[in-house]
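See structure below.
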Amino acid sequence: MTTQHRVFLGQIMLGNSAIRTATLAVTITGVLTMASARVRAADRVVSFASVCLLEGSERENVEYVLAELAECPGDTDLVALPHMPFLSFRTAQAQADLAPFAEFARARRTYLALSLREDDGGTAYFTAVLLDRAGKVCGTYRKTHAFPDDNVALGDELPVFATDFGKVGMTVSTDFYFPEIYQVLSMKGADVLTWHHYPERFRDHSGWGPLLMARCLDSHAHMLTAMHADPRAYITNRYEGGMSGAAWGRSMVLNRVGTPIADTGYEDGIALARVDLDKRKENVYAPAYKGENIFFVNNYGDRTALAPVAEPYSAPKLPTYGKRTCRLAVASFQRNVSWRKGIVPTAMLELIDQAAEIKPDLLLLSEQSTNAEDATTREVMDTVAAKARALNCYIAIGGIGDDAQLSILRVWDRKGEEIYAEPLYWPKGFAEIKVFDTDFGRIGAYECGDLYIWEIERVLALKGAEILIDASQMWGASGRTNETLLRARAVDNAVWIACAHWPSSDASLRSLIVDPYGQVMAASEFQKTGIIHVDIDLDDRRVYYAGMKRGQPKPGKKGIPSYYRTDLPEQREGWRDMLFKARRPELYTIIPTVNDVILRYRLVE
């Protein structure tokens with residue numbers, strides 16, 4: 001039986017050939033000796049290849065893996081294989097046990113990154129191994145974070161490894177769900193990240209697109225994702241029907257802002273990309289550094305407020321709330337009638353009045369451009385307070401600064417009292433990131449470009465925030481970029497996020513409400529003034545899958561039943577509790593610091 005093998009260059013298929021069932025002797029001879037290293041040290045132009053294997057027990061053997069590996073083009077500088085828990089090596093005999101892969105690296109004069117089970121005197125680890133161009137082990141990373149079903153011992157380091165083209169950081173399977181890992185690797189200088197994955201028992205890929213973009217953009221690093229694909233047509237999960245979903249496939253090479261530049265799609269093959277690691281865009285924003293492919297917001301100043309990311313975690317004790325449901329509303333109106341010094345923002349005040357029709361519990365408006373030291377602004381603030389009392393709702397508005405801070409997000413409670421006033425973080429930082437309590441739940445707030453600093457949203461969630469509000473005038477690279485980052489932050493922290501934007505000519509830029517699964521639940525209309533809202537039950541917590549479901553589906557040979565498995569996990573509530581307990585703050589101590597990598601993305605020398 002043969003299948004078609006494809007090599008993808010920048011998402012374009014170059015060719016195909018039939019896969020042969022190759023023996024080890026065939027694999028390490030012939031074509032393997034044809035390649036030589038192509039990296040040019042002066043400009044670091046390199047070729048990356050990420051292999052996608054087919055899922056299936058009949059393929060879980062070294063012969064199949066080596067046959068697929070042999071299909072790689074001959075001029076690669078780094079090749080990545082998926083996580084392969086069905087293969088193993090002994091710690092004390094690593095070089096000997098990895099000999100077939102070492103021979104590939106040596107013959108091709110390429111670095112090879114792979115992930116498999118490690119046996120260290122009876123203790124099992126999931127370990128990513130980096131082989132150098134001579135076939136020598138030049139780095140090993142033991143998976144450091146575990147989900148409930150990750151039944152292996154854990155490593156205690158997040159290393160990066162020097163190559164002749166830059167530093168490489170590696171991650172394995174469910175490591176992907178911890179942004180802290182990628183930030184540590186980035187701050188240790190990683191130019192390239194690898195993610196080696198094996199299909200989870202329940203395959204929920206709905207948030208992976210946003211997370212992949214966020215991991216690269218936040219880290220300023222290229223990424224190779226190495227996956228397994230289902231040999232059948234891709235189809236998503238349906239838990240209630242016994243369907244775990246197909247393996248995703250899509251081994252990719254992504255650039256520094258998370259754009260896939262090579263992608264195998266939902267099938268096996270090789271994603272191949274030639275990359276200039278030093279290439280940057282023309283920077284017209286100097287002295288700020290903005291040389292990436294897309295616009296991003298720099299993080300200036302002290303990072304002390306990010307310290308909770310690296311501190312021991314215990315779930316915060318929340319007060320007893322009067323209720324746990326919330327009608328969350330976001331109001332959008334045009335920039336040319338926004339709130340400014342010396343001006344009464346009539347359109348904004350009228351829109352707040354219109355909110356009476358929907359009776360919100362919390363009403364969010366975008367970032368304005370005014371200052372509380374201005375007499376007219378103070379009068380309008382009093383009017384907003386009166387409207388909060390009249391509406392019996394919380395009102396949050398950004399962009400009301402003072403003499404010390406350009407922009408401050410302020411919140412009035414149902415009695416019209418100002419209960420929260422915290423500044424925009426990214427321009428200079430400050431000592432503490434704060435949350436506030438309402439009568440229905442705990443809220444975290446930030447503004448505008450703070451969306452680009454993932455640690456802010458993480459700190460708010462660690463402090464118990466269940467809803468994040470973002471008062472923004474940030475259009476960024478695009479509305480779609482903003483939406484993708486909002487979705488990623490929601491997924492990472494299992495929170496609701498509401499973001500208020502001005503309407504724009506960019507049809508993708510909308511005010512949004514995003515749920516804890518990263519899905520957009522409400523969006524404003526194109527260039528229209530108006531209010532969107534969603535009703536939320538904060539006791540309805542995001543689910544995850546672990547253990548074993550009672551009553552397993554019966555697999556069939558055809559149609560949908562052919563996808564059924566007999567190890568469907570149990571659906572459980574409390575994704576965030578599970579995730580936060582699995583964090584390893586002792587490994588994140590570098591995050592709240594300012595080092596040379598952080599400085600690199602602030603100012604142009």
Arg442 side chain reached by Tyr321 side chain, heavy atoms, under 4.5 Å:
yes
Could you tell me whether Glu466 and Arg324 make a salt bridge, using a distance below 4.0 angstrom between a side-chain N and a carboxylate O?
yes
For His145 and Tyr588, take the angle between the two ring planes, folded into 0 to 90°, and tell me which bin it lands in: parallel under 30, tilted 30 to 60, perpendicular over 60.
parallel
Under a 3.5 Å cutoff, is there a donor and acceptor pairing between the side chains of Tyr141 and Asp175?
yes
Check for a donor-acceptor pair, side chain of Asn237 on one end and backbone N or O of Arg203 on the other, with a separation under 3.5 Å.
yes
With no hydrogens and no angle check, just 3.5 Å: does a side-chain donor-acceptor pair link Glu118 and Thr91?
yes
Main-chain N/O of Val491 paired with Arg542 side-chain donor or acceptor, under 3.5 Å:
yes
Note: Glu483-Arg480 ion pair, threshold 4.0 Å (strictly below)
yes
Salt-bridge contact Asp263-Arg250 (side-chain N to carboxylate O under 4.0 Å):
yes
Between the side chains of Asp150 and Thr174, is a donor N or O closer than 3.5 angstrom to an acceptor N or O?
yes
Is there a donor-acceptor contact under 3.5 Å from the side chain of Glu457 to the main chain of Ala490?
no
Close side-chain approach of Leu362 to Leu328, heavy-atom, < 4.5 Å
yes
Within the 3.5 Å criterion, strictly below it, is a donor on Arg576 or Asn493 matched to an acceptor on the partner's side chain?
no
Look only at the side chain of Arg117 and the backbone of Ser88, and say whether a donor-acceptor pair between them is shorter than 3.5 Å.
no
Can you check whether Ser562's main-chain N or O pairs, donor with acceptor, with Arg232's side chain at less than 3.5 Å?
yes
Residues Arg489, Asp470: salt bridge by 4.0 Å N-O rule:
no
Against the six-membered ring of Tyr545, is Arg201 placed for a cation-pi contact (under 6.0 Å from the centre, within 45° of the normal)?
no
Can Glu68 and Arg59 be counted as an ion pair, charged N to O under 4.0 angstrom?
no
May I ask you to decide if Thr259's main-chain N or O and Asn255's side chain share a donor-acceptor pair within less than 3.5 Å?
yes
Out of the candidates Trp208, Tyr182, Trp248, only one should pair with Trp195 under the ring-ring contact (aromatic ring centres under 6.0 Å, His included) rule; please name it.
Trp208
Whether Arg256 side chain and His220 backbone form a donor-acceptor pair below 3.5 Å
yes
Between Leu306 and Ile433, does the side chain to side chain contact (heavy atoms under 4.5 Å, CB included) criterion hold? Intermediate values first, please.
CA-CA 8 Å; Leu306 309 180; Ile433 296 171; 3.9 Å; yes
Please check if the distance between the ring centroids of Tyr177 and Trp575 is under 6.0 Å.
yes
Ile590 backbone acceptor or donor facing Lys188 side chain under 3.5 Å:
no
Between Trp454 and Leu485, is any pair of side-chain heavy atoms under 4.5 Å apart?
no
Does Tyr198 offer a backbone N or O that forms a donor-acceptor pair with the side chain of Ser173 under 3.5 Å?
no
Centres of the His83 and Phe126 rings: under 6.0 Å?
yes
Donor-acceptor contact present, side-chain Ser511 to main-chain His501, <3.5 Å
yes
Parallel, tilted or perpendicular: ring planes of Tyr239 versus Phe202, cut at 30 and 60 degrees:
perpendicular
